[in-house]
Amino acid sequence: MKLKSHINHIIQEAFVKAGIEHEAISVSESTKAEFGDFQFNGAMALSKKLGKNPREIAETLIKHLDLDTILSKAEIAGPGFINLWLNPLWLALQCEVAQKDARLGVEKRAAPMKVVVDYSGPNMAKQMHVGHLRSSIIGDTLANLLSYLGDEVIRQNHIGDWGTQFGMLIAYLEEMHKEGSVSLKDLEQFYKDAKGRFDADEAFANKAREYVVKIQSGDAHCLALWQQFIAISLGHCEEVYDKLSVKLTRDDVRAESFYNDDLSRVVRDLYGKGLLKESDGAQCVFLEDEEIPVMVQKSDGGYLYATTDLAALRYRAGTLGAKRILYVVDARQAGHFKQVFRLAKEAGFVPGDVALEHVAFGTMMDKGGKPFKTRDGGTVKLIDLLDEAVLKAQDTIKDKSSYTPEQIDALAKIIGIGAVKYADLSINRESNYIFNWDKMLSFEGNTSLYMQYAYARIQSIFRRYDGAIEGHIMISDPLEHRLCVLLLGFEDVLNRAAVDAAPNQITSYLYELATLFMRFYEQNPILKEGVKQEIKMSRLVLADLTAKTMKQGLNLLGIEVVDAL
RNA sequence: GCGCUUGUGGCUCAAUGGAUAGAGCAUCAGACUUCGGAUCUGAGGGUUAGAGGUUCGAGUCCUCUCAGGCGUACCA
């Protein structure tokens, strides 16, 4: 339910009745319980425009406010705040409706938007490392979220299967006379060796650059070797996605190489539009007020990632017909995307009304605030990190004796992976993220385990009760009132998180929901003796809606819930 | 040098331009014949890096300073 929209509508009606014209101003959640459920601060903002003092405007508004259905009370406070209370009867009824609804009252968008979410994007020359974690889970969450809200989501895994590093690998391969199948671990070491040669030997580096052009021109021998790398590497990625419950499949793969045939056309079209300029033998676009040009073709004829990104942008906006394109990529590439997005629009590759957003995220750091590395300074393989998470999660299971080994495995997987994901998703994605096992596997604070515990505790109520949950909600307690308001605000939170591409808004909400329910439950017994049947039912319905909302929210984050832990 | 970005209690983080800046961890003090105490209640702890400015109102917007991170054309 779009709770705020309903309230905004009532306010808007009051303005119309009062004969005041203004641009819409939305209510916001009250900052304190004594200020009601929502507050309207628009009177202050309108004061200058209308030439009246804000309290006067607020008084006029309040006179015309419908306080009979959704709202039950309105008060003016301070310089002209209007504090609003929701009608408990209406709240109760709406929560009942939500509890019976499979979508919990969350509406699907009337006008779905076609959205491309570009995320994960591992490099095929190497194994996935922790650097891919954030993109993979933030991107997957955004895709889940937008899809749930009714958008038509197209996931795109822009895997790095092309570029100079492959020239390097193939040049090294030839030098080593190595052919045939290469195991994954070998590939990792192989990359390191090749890189070592590349950095140390200028002649080799030049050869590698030549080979880039060679694969780009379709040399059969090179291509065959190249495909081996891709097959092995993609298989590894799928193993990681499976462990992570990230919903990327082969169908979502649009590799860099997918755009190969289009690259020369991109350059030609830029030339045709008079945007291209040769600089030191390279083809560049110099954007106004930009110090560094966008280079689309190197002096040796090879293309660059800007070229591929331009081709991908055109494909996504044109062929796929996306109206919003999200790039879930490390914040360090902000400069690149700023330029490429701008150029894509100036060159007419992407229509002006298509939203291009770089969903940037910060670097993953260790406890000491240093970039996350292994003890010897190497990159941490993602698969190792996930396996460690599952192992550590086993230790958090309290009563291991009551489970079979299989159950413990299943539980540990859900808990461990969930903890890794929740910890990441629960912070503002733009700041650097400090990775801390102890914190993420704690039962205290805004953690996955606290959420799991809260959920399991509600499920345990239902196990004890073991009957049909059918009845009416009767709000008789301030905490109960707040709980209902919070529950009905679910859709507003999801929408806002979707607009801002900010999963941490969902986790904040879920944590608030869980703690509020715990407090409510502490003070309002459900199954204890002496609780009247009607009250018991009312609280069971509320508990059920709370649990369902938690489950749905966690599922959007790609986290499963368990009924007991 | 230039550009982007961050700076909020001891620590990790919140906060559409709105009221007295909120949580959690840690610390201290409480509640238990547990509807799962892996819980709940309470307390202390802040000049939102600093200085100006815009505004009825600034952690939030603008300018400058300081500090950190990142980027800075033939890698992606």
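Chain identifiers are assigned alphabetically (A, B, ...) following the order of the sequence lines, protein sequences preceding nucleic acid strands; residue numbering begins at 1 within each chain. Computed from a prediction, not measured in an experiment: that's the story for all the values here.
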Aromatic stack A:F81/B:G18: centroid gap under 5.5 Å, interplanar angle under 30°: no

Integer angstrom distance from the P of B:A58 to that of B:A19: 10 Å

C1' atoms of B:G37 and B:C4, separation to the nearest Å: 48 Å

Distance, C1' atom - from B:G9 to B:A15, rounded to whole angstrom: 16 Å

Salt-bridge contact A:R134-A:D424 (side-chain N to carboxylate O under 4.0 Å): yes

Pairwise C1' distance, B:A26 and B:G45 [rounded to whole Å]: 11 Å

Ion pair A:D500/A:R496, N-O distance below 4.0 Å: yes

Integer angstrom distance from the C1' of B:C40 to that of B:U47: 34 Å

Rounded C1' spacing from B:G1 to B:A21 in Å: 38 Å

A:R332 vs B:A76: side-chain N/O to OP1/OP2 distance below 4.0 Å: no

Separation of atom CD in A:E430 from atom P in B:G71, rounded to whole Å: 17 Å

Sugar-phosphate only, base, or nothing, as touched by A:T396 at under 4.0 Å among non-hydrogen atoms: base

For A:P122 against A:M128, the heavy-atom pair lying closest together: CB-CG, 3.8 Å

List, with names and distances, any nitrogen or oxygen atoms from the protein found under 3.5 Å away from nitrogen or oxygen atoms belonging to nucleotides 54-58 of chain B.
unit_1: B:C56; atom_1: OP1; unit_2: A:K48; atom_2: NZ; d: 2.4

B:C61 and B:G18, which share atom name C1', separated by this distance in whole Å: 14 Å

Salt bridge present between A:K370 and A:D366 (N-O < 4.0 angstrom): no

Value rounded to 0.5 Å, distance of CG in A:L356 from CG in A:L326: 9.5 Å

B:U72 pairs with, by Watson-Crick or G-U criteria that keep both distances under 3.5 Å: B:G1

Approximate separation, where rounding is to 0.5 Å, of A:K2 NZ and A:E491 CD: 3.5 Å

Side-chain donor/acceptor of A:Y465 to base of B:C35, under 3.5 Å: no

Basic-acidic side-chain contact under 4.0 Å: A:E75, A:K73: yes

Base paired to B:G7 (Watson-Crick or G-U; both N/O distances under 3.5 angstrom): B:C66

Under-3.5 Å donor-acceptor pair between A:N83 side chain and B:A19 base: yes

Watson-Crick or G-U wobble mate for B:G42, both contacts under 3.5 Å: B:C28

Between B:U27 and B:U33 - C1' atom distance, rounded Å: 31 Å

